[in-house]
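Quick caveat, the model's predicted, so the values are computed rather than measured. For reference, positions follow the sequence shown, starting with 1. All values below were derived from every heavy atom in this structure, side-chain atoms included, with hydrogens, water molecules and symmetry-related copies excluded.
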Amino acid sequence: MTLSIALFQIDIIFGDPKANQKNVRNLFKEISEKKVDVVVLPELWTTGYDLTRLDEIADPNAEESIAFLSELAQKYQVNIVGGSIAKQTDKGVTNNMLIINRDGKLLKEYEKAHLFRLMNEEKHLIEGKTNGSFELENESSAGVICYDIRFPEWIRTHMLNGAKMLFVVAEWPLARIDHWKALLMSRAIENQCFVIACNRVGLDPNNQFGGHSMIIGPWGEMIMDAGEVEGIYYGEINLKDVDKVRDTIPVFSDRRPDMYRL
């Protein structure tokens, strides 16, 4: 199966969900004349890292965000990996990835499992307890959020369920963009999968963000690198390539899990 991907590498207006929704809606208009199967948004695209105001601006039960993305998915007949949004729950705020199919159906919510202390996430968000596995176009897939990619055992957990696509959404700072590139490349090669990663650009009061949204193939080949400029970036993937690579170097068959226990 061949899929056409559009990555929305955008600047995010700090703490203004309505303005960010307006921007995203306009970007969907831009892709309306193109053949696109999957649209990917960055992490916390509705609020940015305005963490101290989450009690005020987080989306109660993600209802508004789900309705917004569902409308766009149906209108433009695309699957949406809806980056992530701040979801207000009875227990606190989670950083939630939303997966919506072409029919506007919510396929998956994934709560970010690993909170990044360097940006004070643990002070304002609660850790997720769900995995990021889902089916997209009848293909096994997985989604993770930003800091999650520094935990290869978490990624491999999803790959052992047969995932061929790993979607990564992020607000990754420019100061550590070399880590972003190296980690994404490593996750693609070691798991023999497509890595489809969408990062933001621009500034907030405390950070400059690095862009370099990417699509990387299962051999580790760079299919697309968006650089540091805001925009919509496109790439095409053929999922049969995953099978070819996994047949050539049978990493999953050659694992020795009996040796890996601590």
Exercise for review: Dump the intermediate steps for side-chain hydrogen bond (donor to acceptor under 3.5 Å, both in side chains) on N61 and Q88, then the final yes or no.
Suggested key: CA-CA 6 Å; N61 296 315; Q88 184 75 60; over 6 Å; no
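- Using a 4.5 Å heavy-atom cutoff, the side chains of T47 and I85 are not in contact.
- I215 contributes atom CD1, which lies 12.0 Å from atom CG of L184 (distance to the nearest 0.5 angstrom).
- Taking 4.5 Å as the limit, some side-chain heavy atom of L3 sits within range of a side-chain heavy atom of I5.
- V81 and W154 fall within a single hydrophobic cluster, where Ile, Leu, Val, Met, Phe, Trp and Tyr are joined by side-chain heavy atoms under 4.5 Å apart, directly or via other members.
- Note on W45: it does not cluster hydrophobically with Y147, by side-chain heavy-atom contacts below 4.5 Å among ILVMFWY residues.
- Taking OG of S141 as the start and CG of N161 as the end, the distance is 11.5 Å to the nearest 0.5 Å.
- Salt bridge annotation for D103-K105: absent, with no cationic side-chain nitrogen under 4.0 angstrom from a carboxylate oxygen.
- Residues I10 and V201 have side chains not in contact (no heavy-atom distance under 4.5 Å, counting atoms from C-beta outward).
- With hydrogens and angles ignored, the 3.5 Å screen pairs a side-chain donor or acceptor of H158 with a backbone N or O of G132.
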Point to revise | Audit row: E137, M1, side chain to side chain contact (heavy atoms under 4.5 Å, CB included) steps and yes/no | key: CA-CA 9 Å; E137 297 287 339; M1 173 183 285; 3.8 Å; yes
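- Of the possible donor and acceptor atoms, one in the side chain of T89 sits under 3.5 Å from a partner among the backbone N and O of K91.
- Note that the CD1 atom of I232 and the CD1 atom of I31 stand 6.5 Å from one another [nearest 0.5 Å].
- Look at K112 and D148 and you find no salt bridge, because none of the NZ, NE, NH1 or NH2 atoms lies under 4.0 Å from a carboxylate O.
- Contact record, A188 with G217: CB-O, 3.8 Å, taken as the closest heavy-atom pair.
- A donor and an acceptor atom, one from each side chain of Q74 and S70, are located under 3.5 Å apart.
- Distance alone, capped at 3.5 Å, places no donor-acceptor pair between the R200 side chain and the V169 backbone.
- For N101 and K108, the side-chain atoms include no donor-acceptor pair closer than 3.5 Å.
- Between C146 and A170, the closest heavy-atom pair is SG-CB, 3.7 Å.
- Ring pair Y49/F209 is parallel by interplanar angle, where below 30° counts as parallel and above 60° as perpendicular.
- Distance check: I80 CD1 to L106 CG gives 11.5 Å after rounding to the nearest 0.5 Å.
- Side-chain atoms of R176 and L118, non-hydrogen and from C-beta on, do get closer than 4.5 Å to each other.
- Using a 4.5 Å heavy-atom threshold, the side chains of K18 and E64 count as touching.
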Practice item. Starting from the C-alpha separation in whole Å, work towards a yes-or-no answer on side chain to side chain contact (heavy atoms under 4.5 Å, CB included) for L160 and R255. Key: CA-CA 11 Å; L160 291 173; R255 293 177 68 249; 3.7 Å; yes
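- Both tests pass for K34 against the ring of Y234: distance under 6.0 Å to the centre and angle within 45° of the axis.
- Each of I216, I223, V38, L7 was checked for a side-chain contact (heavy atoms from CB on, under 4.5 Å) with I196, and the lone residue meeting it is L7.
- Salt-bridge formation is detected for the pair E109/K87: a Lys NZ or Arg NE/NH1/NH2 atom is positioned less than 4.0 Å from an Asp or Glu carboxylate oxygen.
- Taking every heavy atom of both residues into account, I145 and S84 meet most closely at CD1-CB, 3.8 Å.
- The cluster map of Ile, Leu, Val, Met, Phe, Trp and Tyr, joined by side-chain heavy atoms under 4.5 Å apart, puts Y110 and M165 in the same cluster.
- Under the 3.5 Å distance criterion, the side-chain polar atoms of Q9 are matched with a main-chain donor or acceptor of G227.
- For the residue pair N199 and I177, the shortest heavy atom distance occurs at ND2-CD1, 4.1 Å.
- Side chain of E139 to main chain of L136: no donor-acceptor pair is present (N/O by atom type, distance under 3.5 Å, no hydrogens or angles).
- Although no hydrogens or angles enter the test, the distance criterion places a donor-acceptor pair under 3.5 Å between the side chain of Q192 and the main chain of I249.
- Residues L166 and L41 do not share a hydrophobic cluster, clusters being chains of Ile/Leu/Val/Met/Phe/Trp/Tyr side chains in contact below 4.5 Å.
- For the residue pair F134 and A142, the shortest heavy atom distance occurs at CE2-C, 3.6 Å.
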Practice item. Report the C-alpha separation of N20 and T46 in whole Å, then their side-chain angles, then the decisive distance to 0.1 Å, and conclude whether the side-chain hydrogen bond (donor to acceptor under 3.5 Å, both in side chains) test is met. Key: CA-CA 6 Å; N20 289 311; T46 57; over 6 Å; no
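- Ion pair D243/K164 flagged as a salt bridge, since at least one NZ, NE, NH1 or NH2 atom sits closer than 4.0 Å to an Asp/Glu carboxylate oxygen.
- Counting only distance, with no hydrogens or angles, the side chain of E111 and the backbone of K129 share a donor-acceptor pair below 3.5 Å.
- Remark: R102 fails to qualify as a cation-pi partner of Y76 under the 6.0 Å distance and 45° angle criteria applied to the six-membered ring.
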**Study point:** side-chain hydrogen bond (donor to acceptor under 3.5 Å, both in side chains) between E121 and N95, intermediate numbers included
**Key:** CA-CA 9 Å; E121 287 186 355; N95 186 344; 4.6 Å; no
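- E236 CD to N238 CG: the interatomic distance, rounded to the nearest 0.5 Å, is 8.0 Å.
- Using a 4.0 Å cut-off between charged nitrogen and carboxylate oxygen, D50 and R53 count as a salt-bridge pair.
- Side chain of D16 to main chain of I13: no donor-acceptor pair is present (N/O by atom type, distance under 3.5 Å, no hydrogens or angles).
- Salt bridge K35/D37: present, at least one basic N to carboxylate O contact under 4.0 Å.
- Counting heavy atoms from C-beta on, the side chains of P152 and E190 come closer than 4.5 Å.
- Here the side chain of D204 pairs a donor or acceptor atom with the backbone of N206 at under 3.5 angstrom.
- Contact of the H124 side chain with the T52 side chain is registered, since non-hydrogen atoms from C-beta on lie closer than 4.5 Å.
- Annotation for N138: atom CG does not count as buried by contact number, only 12 or fewer foreign heavy atoms lying within 6.0 Å.
- Side-chain contact between V195 and F167 is absent, with no heavy atoms from C-beta onward closer than 4.5 Å.
- Annotation for M119 and P173: closest pair SD-CG, 4.2 Å, computed over non-hydrogen atoms.
- More than 12 heavy atoms of other shown residues, nucleotides or ligands fall within 6.0 angstrom of atom CD in E153.
- In this structure a side-chain-to-backbone donor-acceptor pair under 3.5 Å is missing from N191 to C193.
- There is no path of hydrophobic side-chain contacts, each under 4.5 Å, that joins I99 to V78.
- Residues R25 and E30 are not paired through a salt bridge, judged by the lack of any N-O separation under 4.0 Å between the basic side chain and the carboxylate.
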Exercise for review: Starting from the C-alpha separation in whole Å, work towards a yes-or-no answer on side chain to side chain contact (heavy atoms under 4.5 Å, CB included) for M222 and M185.
Suggested key: CA-CA 8 Å; M222 185 64 66; M185 186 71 71; 3.9 Å; yes
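- Once rounded to the nearest 0.5 Å, the distance linking OG of S65 with CG of D59 reads 3.5 Å.
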Practice item. May I have the step-by-step check of ring-ring contact (aromatic ring centres under 6.0 Å, His included) for F8 and F28, ending in yes or no? Key: CA-CA 9 Å; F8 285 10; F28 270 89; 5.2 Å; yes
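- Ring geometry for W180 against W172 counts as tilted: the plane angle lies between 30° and 60°, on a 0 to 90° scale.
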